[in-house]
Student: 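This is the structure I have questions about; it appears just below.
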There are 2 protein chains.
Amino acid sequence: MPDPIHEIPPEKPKPDLPPTRERIVLAALRLFQEQGFTATGVSTILREAGVNSGSMYHYFDSKEDLLRACLQWYIEHLEPIVMAPQKAATPGDPVERIFTLLDWYRQGLVQMNCTLGCPVGNLALECSDQYPLVRELIDRNFENWAAEIERWLDEAGDRLPGDLDRKSLSKFVLTVMEGGVMQARAHKSIEPFDASVAVLRDYTDRLLVEAAAKKKSRGGSGGGKAR
Amino acid sequence: MPDPIHEIPPEKPKPDLPPTRERIVLAALRLFQEQGFTATGVSTILREAGVNSGSMYHYFDSKEDLLRACLQWYIEHLEPIVMAPQKAATPGDPVERIFTLLDWYRQGLVQMNCTLGCPVGNLALECSDQYPLVRELIDRNFENWAAEIERWLDEAGDRLPGDLDRKSLSKFVLTVMEGGVMQARAHKSIEPFDASVAVLRDYTDRLLVEAAAKKKSRGGSGGGKAR
DNA sequence: GTCTATAGAGTGATAGAC
DNA sequence: GTCTATCACTCTATAGAC
């Protein structure tokens with residue numbers, strides 16, 4: 001047996017599970033999405049996280065405080081989990097990237113057999129009226145989501161009409177996603193989601209065609225591709 | 001004192017409150033929309049309806065059964081409460097009627113200071129995964145809503161492009177309404193709802209212009225008005 | 001920081017008299 | 001068909017030892 005004092009310590013001396021607080025948040029994230037906030041009991045969260053009541057109330061003032069931590073988690077993970085993969089998949093075409101993003105939500109929905117849906121959207125309808133601080137965090141989630149889309153629309157430059165209201169359209173993309181997810185869950189089929197995205201595609205194509213035509217008539221280098 | 005036997009009975013011998021069952025449903029409709037299904041206790045429904053536990057469980061098997069009765073109520077009242085007023089307000093212009101309908105939802109939202117929202121949409125996200133029979137009724141609500149819009153789009157005839165996918169567009173209108181309501185509630189402002197409707201307006205205008213142009217090029221009587 | 005035990009209120013649902 | 005009373009649980013949150 002080697003002398004423990006001279007053992008070289010491993011780089012990660014703690015191969016532990018994530019710290020208690022994070023385990024609680026991760027369990028709550030999953031359960032709130034599966035069952036909703038009200039329908040999820042604190043005791044279930046504790047059991048799934050493998051944690052005791054005293055630990056949870058050490059880190060969080062209340063169940064609502066834990067919910068706020070979950071929404072903060074979504075804010076912090078929007079870029080790395082949701083947006084960055086789409087930028088990597090569609091680096092050169094910010095308009096097409098919007099549909100790559102919508103297809104990412106589509107895949108999640110299909111994978112879950114049209115259950116669960118958008119966790120923030122679910123909480124928006126369940127909790128916005130009753131918990132003002134929660135509503136603010138949901139709002140910030142939506143604002144950040146739409147702000148990213150708006151940057152993509154800006155990035156498209158003159159491929160889109162110059163007088164296009166990019167801020168409204170960015171919110172509209174979120175509207176299409178959330179509305180499509182809602183109907184897909186109710187219909188237990190991806191079809192209403194696809195139908196909604198197809199209409200958005202048609203609209204976008206018309207915007208691209210219009211911008212290309214104006215560019216051409218002004219003596220631009222040529223019409224861009226519509227897709 | 002007149003002889004009671006010869007008294008002419010009033011046409012409605014029962015000026016009573018609505019019968020017990022309906023009082024329960026009406027209270028539940030309101031509370032489920034205000035607080036959600038899970039967050040609403042049966043005891044609260046009973047108190048608000050002025051009814052005792054035994055009466056409720058005489059008419060309904062369970063709280064979920066009462067929820068199904070509420071969704072049935074929405075199905076039965078879609079036409080008289082939601083759709084008929086728009087047809088009366090915009091009898092000759094089925095395309096404009098869609099925006100009259102969206103403005104009807106807008107008014108409700110503004111009146112309630114951007115709370116409550118669409119009661120069926122709320123239940124869709126809260127209950128679709130957990131209660132299969134409830135999900136089916138929510139689906140039927142959405143189907144009927146979109147089917148009415150589709151009839152309006154059909155009614156518009158050649159004012160809209162002949163190759164337009166009217167079924168998809170009808171679902172899309174529902175998508176815009178629900179997605180706009182969700183963001184308005186989260187933002188506690190009507191602005192995201194208006195932004196979404198404005199984009200739908202722009203899209204619709206483009207469809208009308210395209211159909212009018214095609215009609216003209218085929219030698220029709222003239223271009224229709226874009227609004 | 002984590003443990004056990006429990007308070008105190010509320011949950012959906014039922015039994016049985018009237 | 002409506003009443004009261006109550007069952008058997010579950011809920012969120014806390015107290016206090018370790």
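Since we're looking at a predicted model, the values are computed, not measured. Every chain is numbered from 1 and lettered A, B, ... according to where its sequence line falls, protein lines coming before strand lines.
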Student: Taking atom P of C:dG1 as reference, at what distance in whole Å does atom CZ of A:Arg21 sit?
Tutor: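 To the nearest whole Å, that distance equals 11 Å.
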
Student: For a quick test of reading the model, state the closest non-hydrogen atom pair linking A:Gln33 to A:Pro119 and the distance between them.
Tutor: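 That would be NE2-CD, 3.5 Å.
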
Student: Do we see a donor-acceptor contact under 3.5 Å between the side chains of B:Asp202 and A:Tyr203?
Tutor: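 A donor-acceptor contact under 3.5 Å links the two side chains.
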
Student: Between C:dT11 atom P and B:Met56 atom CE, what is the distance in whole Å?
Tutor: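 The answer, rounded to whole Å, is 13 Å.
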
Student: Taking the nucleotide of DNA chain D with the nearest heavy atom to each, does A:Ala39 or A:Asp61 sit closer to the 5' end?
Tutor: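 Result of the comparison: A:Ala39.
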
Student: Measure from CG on B:Leu46 to P on D:dT6 and round the result to the nearest Å.
Tutor: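 Going from CG in B:Leu46 over to P in D:dT6 covers 18 Å.
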
Student: Side chain of A:Ser170, backbone of A:Lys167: donor and acceptor closer than 3.5 Å?
Tutor: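 Side chain of A:Ser170 to backbone of A:Lys167, a donor-acceptor pair under 3.5 Å: yes, one is there.
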
Student: Between atom CZ of A:Arg185 and atom CZ of B:Phe142, what is the distance when rounded to the nearest 0.5 Å?
Tutor: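 Reported value, rounded in 0.5 Å steps: 10.5 Å.
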
Student: What is the distance, rounded to the nearest whole Å, between atom OH of B:Tyr131 and atom C1' of C:dG12?
Tutor: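 Taking atom C1' of C:dG12 as the reference, OH of B:Tyr131 is at 11 Å.
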
Student: Calculate the interatomic distance between A:Lys63 atom NZ and D:dT10 atom C1'; express it in whole Å.
Tutor: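 Result: 11 Å.
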
Student: Look at B:Asn52 and D:dT2 and indicate whether a side-chain polar atom (N or O) is within less than 4.0 Å of OP1 or OP2.
Tutor: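 For D:dT2, OP1/OP2 do not have a side-chain N/O of B:Asn52 under 4.0 Å.
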
Student: Between A:Tyr59 (OH) and C:dC3 (C1'), how many Å, whole number?
Tutor: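 From A:Tyr59 OH to C:dC3 C1': 14 Å.
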
Student: Within the pair B:Ser53 and D:dA5, is there a side-chain N or O less than 4.0 Å away from OP1 or OP2?
Tutor: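 So the side chain of B:Ser53 is outside the cut-off, no N or O lying under 4.0 Å from OP1 or OP2 of D:dA5.
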
Student: Can you find a side chain N or O atom of A:Thr20 that sits less than 4.0 Å from OP1 or OP2 on C:dG1?
Tutor: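 No, A:Thr20 has no side-chain N/O under 4.0 Å of OP1/OP2 on C:dG1.
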
Student: Identify whether any heavy atom of B:Thr40 sits under 4.0 Å from a base atom; if not, whether one sits that close to sugar-phosphate; answer base, sugar-phosphate or nothing.
Tutor: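 Counting heavy atoms under 4.0 Å across all strands, the contact made by B:Thr40 is with sugar-phosphate only.
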
Student: Counting only side-chain nitrogens and oxygens, does A:Tyr57 get under 4.0 Å of the OP1 or OP2 atom of D:dA13?
Tutor: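 Yes, within the criterion.
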
Student: To the nearest Å, give me how far apart CD1 (B:Ile24) and C1' (D:dC3) are.
Tutor: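 That distance rounds to 14 Å.
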
Student: Give a yes/no answer on whether the side chain of B:Ser43 brings an N or O atom under 4.0 Å of OP1 or OP2 in C:dT11.
Tutor: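 B:Ser43 to C:dT11 OP1/OP2: side-chain N or O found under 4.0 Å.
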
Student: Between A:Phe99 and A:Tyr105, is the ring centroid distance below 6.0 Å?
Tutor: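 They do not qualify: ring centres at least 6.0 Å apart.
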
Student: Closer than 4.0 Å, any side-chain N/O of B:His58 to the OP1 or OP2 of D:dT2?
Tutor: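 Looking at the OP1 and OP2 atoms of D:dT2, neither is under 4.0 Å from any side-chain N or O of B:His58.
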
Student: Give one of base, sugar-phosphate or nothing for A:Gly54, where a contact means two heavy atoms less than 4.0 Å apart.
Tutor: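 Answer is base: heavy atoms of A:Gly54 come under 4.0 Å of a base.
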
Student: Can a side chain N or O of B:Ser55 be found less than 4.0 Å away from OP1 or OP2 on D:dC3?
Tutor: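 Yes, because at least one side-chain N or O of B:Ser55 sits under 4.0 Å from OP1 or OP2 of D:dC3.
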
Student: Roughly how many Å is it from CZ in B:Arg47 to C1' in C:dG10, rounded to a whole number?
Tutor: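 It is 12 Å, rounded to the nearest whole Å.
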
